[in-house]
Number of protein chains: 2
Amino acid sequence: MSQSGAPLRRDVAEHITGRIVDGRLPAAARVNEVHLAAELGVSRTPLREALVELADRGLLVAEPNRGFRVPPLDLDEARKLYPLVGELEALALRWTAPQDLLGLLDRLEQQAEQMEAVLEGGGDLSVLDDNWHGLLLSACANAHLMRLIVQTKPLLKRYDVLYFGGPERARRSLDEHRRILAAIRAQDLNEAARQLTQNWANGAAYLGCRPR
Amino acid sequence: MSQSGAPLRRDVAEHITGRIVDGRLPAAARVNEVHLAAELGVSRTPLREALVELADRGLLVAEPNRGFRVPPLDLDEARKLYPLVGELEALALRWTAPQDLLGLLDRLEQQAEQMEAVLEGGGDLSVLDDNWHGLLLSACANAHLMRLIVQTKPLLKRYDVLYFGGPERARRSLDEHRRILAAIRAQDLNEAARQLTQNWANGAAYLGCRPR
DNA sequence: TTCATGGAAGCTGAATACAGTTGAATCGAA
DNA sequence: TTCGATTCAACTGTATTCAGCTTCCATGAA
């Protein structure tokens, strides 16, 4: 741990986010500050600062005199999170300068092809998919919107990890990526945004199936 | 200060938000934790927790080994914040059950009329306007979206306080409120959302004029 | 057995203490 | 005088301490 310069709470918050997302801090679990601080090798002070931050993002819930808990998994919440992230990303796409998007096309194509290859090989696309979306929105100049997106995605990722969806979902998603790229090339940002919203909305369709 | 049950950081965060919004903590100012903690009558611990929270929302910026600062005012940022809040609120409106909206109509009308009266009397509409928007979206069931809205608005409020816009903006805004209500009554949520977006977009038009 | 009660251990929330960094003022040399 | 080094006060970041609340177990009465 410990990145140069940055305060401890930064690394701690990222670490805990990872634990929540992948379930190492399971849903509904209480956070024991003393234990966790010891485990991370920091004192309770920067740990608590990180917890406060994550609670503000909805990734933890604070209960007075009872500390912090991982929110319980709630399919209804998940069904609302997918469209939310979809709308946020679509907004970011619509607010990206078209010429900047065109400039990203090549790299987006490349990554899409790489994903095709990985899919053929039966590999895991989740990281690549995240990167692709990140690249797609990397030219959006609205910093606050981008912050909201980055802060909201881990909430959803928690469900995404659970309900993987398998190769058929990956297939579908990749097709949607293709359509997004086609729309961008055709200078039809509205269509691209529509497809992007759809891409996320479809994620919700796999909720409840294929828990791994 | 000190609300029953809630941790100190809650009250402290709200208090500081108020100070930033109304300029008592001016743009670009550094926060002195020792002084501010003494002034608020709390220790640095809950104060810092509040500062961390606000920095995560973009209402403060953290500089390593240099503490927290109020972000400088930036018209370009403001021009992006108005549409952002507009889109978020429009989304919340579209995601509100139509019957719930109809149930709010009477109270929304009432408040609109009250605002008309206050406008006639030359009073300040900002608080009433906030309340009206709050009521309009009070039935939206997407908790995470609502959290994003609540957390984002203070960023914008800072500019709203500076560029008041005067009675002509209030007039315009009230007319837009009327159109929103009419669209809701006509069961045309898309039109209502469009008008709501417009309502916020117009706010940006007054940026730069009428600094008070 | 079941339920209420007491109390101790453990935990959180807040205050205080400590350490390392920053920044500004002072001093000295060119 | 000006530039640079140096020192020191002030401040932040982190650790530790303290107080009060929770929780759980043990005890005992109904």
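We name chains A, B, ... by the order of the sequence lines, and we start the count at 1 in each one.
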*Minimum-distance pair of heavy atoms, taken over all atoms of I16(B) and L25(B)*: CG2-CD1, 3.8 Å
_Pairing donors with acceptors under 3.5 angstrom, does anything connect the side chains of E168(A) and Y206(A)?_
no
*asked:* Looking only at the side chains, is there a donor atom on one of Q198(B) and N202(B) sitting less than 3.5 Å from an acceptor on the other?
replied: yes
*Check for a donor-acceptor pair, side chain of Y159(A) on one end and backbone N or O of D74(A) on the other, with a separation under 3.5 Å.*
yes
_Rounded to whole Å, please give me the gap between CG in L60(A) and C1' in dT12(C)._
15 Å
_NZ/NE/NH1/NH2 to OD/OE distance under 4.0 Å, E89(A) and K153(A)_ = yes
*Whole-Å distance separating the CG atom of L36(B) from the P atom of dA10(D)*: 19 Å
*Is the number of heavy atoms from other residues, nucleotides or ligands under 6.0 Å of R24(A) CZ greater than 12?*
yes
*asked:* Output the rounded distance in Å from CG (L8(A)) to P (dA19(C)).
replied: 17 Å
*Nearest-Å distance, CZ (R66(B)) to P (dA24(C))?*
10 Å
*Would you kindly give the CZ-to-C1' distance between R30(B) and dT22(C), to the nearest whole Å?*
8 Å
_Rounding to an integer number of Å, can you tell me how far N32(A) CG sits from dA9(C) C1'?_
13 Å
*Can you tell me if the side-chain N/O atoms of S43(A) get under 4.0 Å from OP1 or OP2 in dA15(D)?*
yes
_Base, sugar-phosphate or nothing for R44(A)? Non-hydrogen atoms, less than 4.0 Å._
base
*Do the ring planes of H177(A) and W132(A) sit parallel (below 30°), tilted (30 to 60°) or perpendicular (above 60°)?*
parallel
*Would you mind reading off the distance between E33(A) atom CD and dT14(D) atom P, rounded to a whole angstrom?*
16 Å
*Got a sec? Which of residues 45-53 of chain A come in under 4.0 Å of DNA chain D, heavy atoms?*
T45(A), P46(A)
*Want to settle it: does H35(B) or P64(A) sit nearer the 5' end of DNA chain D, counting the closest nucleotide to each?*
H35(B)
*Within this structure, what is the CZ-to-P distance between F68(A) and dC11(C), rounded to whole angstrom?*
16 Å
